[in-house]
Amino acid sequence: MIKGFHIFLIFVTTVLLISCSKKEDIIPYNEAPFILNVPAGFPNPIIPNDNTLNKYRVDLGRKLFYDPILSRDSSISCATCHLQEKAFTDGKILSNGVQGGITERNTPNITNIAYHNAFFWDGGNHSLELQVIGPIESVNEMNLTIPEAIERLKEHNTYPNLFKLAYGLNEPNIYGLTRALASFERTLISGNSPYDKYTSQGQSNALTSNELNGKNLFFSATLKCAECHTGFNFTSLAYENNGIYLNYADDGRGRVTLNTADNGKFKVPSLRNIEVTGPYMHDGSFNTLEDVIDHYAQGGKGNVNQSPKIGGFTITNQEKQDLIAFLKSLTDQEFLENPNFKSPY
Amino acid sequence: MKHYFTIIILSLLILTTYSCKKEEGCTDPAAINFNPEAEKNDGSCLYNTTPAETGTFKLSFEAQTSNGQNLVFNQPYVDSLGYTIQIEGFKFYISNLTLVKTNNQEIKIKDVDLINFKVAGENYTDAKILIGDYKAIKFGIGVDSVLNHIDPSQYPNNHPLSLYQNTYWNWSTQYRFLMLEGRADTVIGSSSNINQLLIYHTGLDNLYREYQKNVTFSIGLNAIYEEKLIIDINQIFYGTFGNIDLKTESFTHATTNYNVALKATENLKTAIK
């Protein structure tokens with residue numbers, strides 16, 4: 001009888017102990033920290049407080065980035081136009097969307113996009129998270145409304161669980177979709193080119209004499225390349241009219257600001273991995289780096305909004321080759337082959 | 001020995017029961033002594049005032065095409081210039097719905113709502129309001145500059161600003177304020193070729209407009225007061241700010257053909273009666 005009472009007491013105590021324990025947060029965010037590989041000489045990128053990186057978020061973003069589920073006919077993914085081996089561009093003048101759609105502009109290089117403060121060639125969006133919506137909904141790109149995309153993700157075998165792990169969501173939603181893709185994109189950091197090894201890693205033999213000569217030209221007051229392509233990421237992030245046309249078909253930044261003084265201005269692109277991101281300019285109108293240098297040497301077509309920084313210069317053939325050699329020293333082979341950025345499928 | 005064991009178990013039981021007793025307090029977030037830790041309401045809630053005495057204010061809109069005819073979607077009609085047109089979509093945002101009391105006190109009753117003429121039951125907005133005498137209705141046409149720049153991914157699906165409303169452009173413009181769509185035959189007097197697409201999507205902070213109607217009314221306890229505003233679509237095309245030429249100004253996306261968006265914006269403001 002007493003033994004039975006003991007068992008009863010132990011049982012009651014156990015039940016009480018279990019029932020009054022606080023609800024545990026079962027989402028193991030902190031068990032999956034993500035260490036962002038910030039190269040020497042680079043600052044830490046600004047990451048929104050509501051989207052700090054963790055492994056689940058980056059992994060989910062990577063899966064979504066490579067998954068054609070986000071296009072209307074499930075034929076293309078983000079990676080169709082953003083190919084790793086081309087520093088997340090596609091080598092085309094304009095890019096192909098679903099059902100014969102063609103983009104209005106050249107696919108931008110998203111290398112080091114974590115360091116940008118505005119997105120698209122015209123900076124018409126200020127959040128990497130919200131930028132995600134653009135290509136998915138654009139009729140010329142993936143042509144899927146966000147609610148349609150969410151429905152597909154909800155019905156998927158694995159995504160609901162991945163959204164729960166990454167963001168604690170009961171089901172996939174817009175918040176998680178935009179944040180996961182941004183999380184993966186923030187990891188696409190390139191800073192281990194020969195130029196970086198020379199500049200930030202103390203490897204004085206990382207650049208050849210031709211490349212060093214090209215570097216001097218690049219930063220010279222004559223060529224003024226670095227007045228726009230400045231800093232660790234080789235961009236001022238400003239909007240400039242570089243005078244490739246007398247009359248622009250695309251108003252660029254002017255479409256955003258509705259200020260005619262901004263017509264023909266586009267965001268200065270980063271030159272990192274420029275060797276593999278051609279064709280160049282917002283409309284892919286220049287095939288080679290030689291074409292680009294020739295354009296700047298000629299001093300532009302004289303558009304009314306042309307940047308005063310573009311005034312032309314003389315350059316010998318050898319100097320041009322050296323300058324190109326320097327630009328190619330910005331190619332980060334490790335980045336282009338990094339297994340963490342490849343398709344997870 | 002057995003006694004010691006019993007005592008230990010009993011002590012543990014008492015301790016456990018005591019320590020896990022639910023915290024009692026006021027569980028009503030509306031109370032001034034709300035205790036977020038409390039799990040059980042002990043009846044101690046205190047309130048600033050007695051619950052307000054309210055009624056309901058309902059603001060409804062009716063769209064008309066010409067000569068006072070009610071809008072019927074996808075049904076061609078002849079407009080005042082003789083063009084045959086049909087309207088296929090008509091919605092717009094209102095923000096900061098505010099009622100002005102006769103003592104000039106202004107009471108905001110709604111942040112934002114989407115008025116959609118095409119969906120039954122979405123051509124109005126309503127809200128609870130203190131009983132009393134009122135003399136004016138104010139609201140913004142469009143989404144005000146604060147709401148226009150809030151991250152849209154945070155709203156529940158049925159919120160008027162949710163991406164599920166399909167009213168948001170993530171590029172530059174943010175929310176479309178007015179969305180008026182249809183088709184027209186651009187030959188006056190002809191109705192055999194109604195295929196010119198008409199798309200008037202306004203937006204941008206500087207096309208937000210404030211509207212006011214002075215009207216006296218009273219809100220009674222638990223009563224519903226409805227104010228019905230009529231919008232003459234003809235006046236959106238051909239309004240006080242100038243005519244929109246359906247042939248050469250058949251569309252605007254606010255940033256594209258801004259001047260057409262400006263005309264539609266100003267005309268809409270004066271088309272609401």
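Proteins come first, then strands; the chains are lettered A, B, ... in the order of their sequence lines, and each starts at number 1.
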Taking side chain as everything from C-beta outward and backbone as N, CA, C, O, which of these in A/F120 sits under 4.5 Å from a heavy atom of chain B? Side chain, backbone, both or neither.
side chain
Within this structure, what is the CG-CG distance for the pair B/D151 and A/D50, rounded to the nearest 0.5 Å?
7.5 Å
Going by atom type alone, with no hydrogens or angles, which donor-acceptor pairs under 3.5 Å involve a side-chain atom of residues 251-262 of chain A and a protein atom two or more places apart or on another chain?
residue, atom, partner, partner atom, Å
A/R253, NH1, A/D122, O, 2.7
A/R253, NH1, A/G123, O, 3.3
A/R255, NH1, A/E104, OE1, 3.2
A/T257, OG1, A/R253, O, 3.4
A/T257, OG1, A/N259, N, 3.2
A/T257, OG1, A/D262, OD2, 2.8
A/N259, OD1, A/A261, N, 3.0
A/D262, OD1, A/K265, NZ, 3.4

As an exercise: rank B/N157, B/L163, B/T256 by heavy-atom pairs under 4.5 Å with chain A and give me the winner.
B/L163
Go through the atoms of A/T145 and report whether side chain, backbone, both or neither lie under 4.5 Å from a heavy atom of chain B.
neither
Among A/E137, A/R179, A/E148, A/H126, who wins on heavy-atom pairs under 4.5 Å with chain B?
A/R179
Evaluate B/Y168 against A/L130 for side chain to side chain contact (heavy atoms under 4.5 Å, CB included), listing each step before the verdict.
CA-CA 11 Å; B/Y168 182 81; A/L130 295 182; 4.0 Å; yes
Over 12 non-hydrogen atoms of neighbours within 6.0 angstrom of CG in B/N195:
yes
Specify which of A/G134, A/G176, A/S138 makes the most heavy-atom pairs with chain B at under 4.5 Å.
A/G134
Between A/N125 (side chain) and B/N170 (backbone), is there a donor-acceptor pair under 3.5 Å?
yes
Using 0.5 Å steps for rounding, measure from the OG atom of B/S153 to the CG atom of A/N173.
8.0 Å
Are B/Y164 and A/I174 packed together at the side-chain level, in the sense that at least one heavy-atom pair is separated by less than 4.5 angstrom?
yes
CH2 of B/W169 to CD1 of A/I133, rounded to nearest 0.5 Å, is 14.0 Å
